[in-house]
There are 2 protein chains.
Amino acid sequence: MISAVALNDQPTPRSGRDGGTSHRLGYLFKHVHLRYEQLTSAALEPIGISPREWAALNCLDEQHSLSQREVADLLGIDRTRMVALVDELEAKGWVKRRPQPDDRRKNIVTLTNTGRGLLQRGSRIVDECEQEFLAALSAVEAEQLKNALDAVVATE
Amino acid sequence: MISAVALNDQPTPRSGRDGGTSHRLGYLFKHVHLRYEQLTSAALEPIGISPREWAALNCLDEQHSLSQREVADLLGIDRTRMVALVDELEAKGWVKRRPQPDDRRKNIVTLTNTGRGLLQRGSRIVDECEQEFLAALSAVEAEQLKNALDAVVATE
DNA sequence: TATTGTTATACTCTATAACTATA
DNA sequence: TATAGTTATAGAGTATAACAATA
């Protein structure tokens with residue numbers, strides 16, 4: 001009757017409470033994302049920046065030639081949402097927009113000194129979050145996890 | 001000037017285009033979740049069920065004694081959102097609600113024959129999605145990935 | 001008093017289409 | 001014509017608080 005379990009050849013290593021649901025990729029990806037979001041959100045909260053805002057600053061600082069659309073793709077959000085996000089970053093005094101000379105349709109978004117300082121403080125916090133989040137894994141396992149996710153995400 | 005890169009001791013194994021952003025945990029978790037959602041959504045679309053609806057049926061079928069709240073936790077959604085989800089599943093004729101005798105605050109949500117048939121067809125599709133999604137990895141690497149995610153998620 | 005399911009509300013995010021200005 | 005940024009809008013999801021029934 002519980003045929004979905006029979007299809008799964010794993011011996012259900014941990015917690016048989018839900019009969020296999022918690023070992024499905026969908027469950028694992030959803031919950032790992034949810035938990036990491038909660039962790040970083042709480043850790044960054046004292047310096048007044050959200051995980052998404054930090055990620056946006058991080059992208060923008062690294063590559064000045066990225067268009068808003070390319071940054072949106074890196075953040076995994078829509079370009080229309082990106083407009084509001086940059087509006088917000090600009091209103092907080094963390095970035096400035098100006099048209100790109102060689103293609104005036106595009107914007108160059110650069111960090112202000114305030115934005116750069118906040119990014120650096122945030123980066124230290126995010127580094128700690130990454131370590132804390134992967135604390136259950138050995139250094140080798142953590143590296144393998146990142147490489148495996150990278151390989152899967154890089155597949156188009 | 002690009003000091004955030006200097007903080008990262010990895011030699012940026014793939015695609016230096018974004019200077020490290022795409023190897024952050026936040027990026028990897030977000031995009032892996034996003035892509036898997038798109039894959040399963042498209043694959044399940046022909047039989048008229050969403051990934052979340054399938055996941056809900058899967059939870060409910062495996063453990064009849066789970067309360068709506070416990071299923072909501074497994075799905076990673078709020079209990080208030082779960083009400084609307086079960087409403088929808090019930091309206092489609094896939095599940096039925098009835099009060100649990102020993103604790104009449106709780107509902108027992110059982111699958112109808114229609115719901116069970118749909119779950120089984122969906123499960124075969126999801127199995128294929130999991131294989132396809134991890135195709136870039138060897139069987140051992142895929143198993144290690146699942147175990148690593150499981151270990152990280154299981155940490156409270 | 002605490003919990004389950006429920007409803008209501010406001011807020012955020014997503015999806016889509018259209019508009020403008022540039023190319 | 002095609003693309004980048006922008007705006008508008010509808011729909012979905014999230015967060016929060018409250019309430020009734022039950023424990």
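Since the structure is predicted, the reported quantities are computational estimates derived from the model, not experimental observations. Chain letters run A, B, ... following the sequence lines, proteins first, then strands; residues in each count from 1.
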Scan B:T80, B:V86, B:D87 and name whichever one has a side chain to side chain contact (heavy atoms under 4.5 Å, CB included) with B:V83. B:D87
Provide, to the nearest angstrom, the distance between the CZ atom belonging to B:R79 and the P atom belonging to D:dT14. 15 Å
For B:E141, give me all partners under salt bridge (Lys or Arg N to Asp or Glu O under 4.0 Å), at least two apart in sequence or on another chain. none
Those residues at least two apart in sequence (or on a different chain) that pass side-chain contact (heavy atoms from CB on, under 4.5 Å) with B:Q100 are B:D102, B:K106, B:I108
Holding to salt bridge (Lys or Arg N to Asp or Glu O under 4.0 Å), I want the full list of residues that pass it with A:E132, two or more places apart in sequence or in another chain. none
Roughly how many Å is it from CZ in B:R98 to P in C:dG5, rounded to a whole number? 14 Å
Atom-to-atom span, CD of B:Q68 to C1' of C:dT3 - whole angstrom: 13 Å
Not counting sequence neighbours, which residues clear side chain to side chain donor-acceptor pair (under 3.5 Å) with A:N107? List them please. A:Q68
For A:D87 and for A:K106, find the nucleotide of DNA chain D with the closest heavy atom, then tell me which residue's nucleotide is more 5'. A:K106
Between D:dA15 atom P and B:M82 atom CE, what is the distance in whole Å? 17 Å
Does A:A42 have any side-chain contact (heavy atoms from CB on, under 4.5 Å) partners at least two apart in sequence or in another chain, and if so, which? none
Restricting both atoms to N or O, compile the protein contacts to nucleotides 21-23 of chain C shorter than 3.5 Å, with distance only.
| unit_1 | atom_1 | unit_2 | atom_2 | d |
| --- | --- | --- | --- | --- |
| C:dA23 | OP1 | A:R104 | N | 3.2 |

Please list, for nucleotides 12-16 of chain C, all pairs of protein and nucleotide N/O atoms separated by less than 3.5 Å.
| unit_1 | atom_1 | unit_2 | atom_2 | d |
| --- | --- | --- | --- | --- |
| C:dC13 | OP2 | A:R81 | NH2 | 2.4 |
| C:dT16 | O4 | A:T80 | OG1 | 3.4 |

Please state whether the rings of A:H33 and B:H33 are parallel, tilted or perpendicular, taking 30° and 60° as the class boundaries. parallel
Considering residues at least two apart in sequence or located in another chain, which fulfil the salt bridge (Lys or Arg N to Asp or Glu O under 4.0 Å) criterion with A:K96? none
Figure out the CG/P separation between A:L85 and D:dT7, and round it to whole Å. 14 Å
Rounded distance (Å) that lies between atom C1' of D:dA21 and atom CG of B:N107: 12 Å
For atom CG of A:D73 and atom P of D:dT3, their distance in whole Å: 13 Å
Could you give all pairs that pass the salt bridge (charged side-chain N to carboxylate O under 4.0 Å, His left out) test and reach residues 40-52 of chain B, with sequence neighbours left out? none
Nearest to side-chain heavy atoms of B:R69, which nucleotide of C:dG5, C:dT6, D:dG5: C:dG5
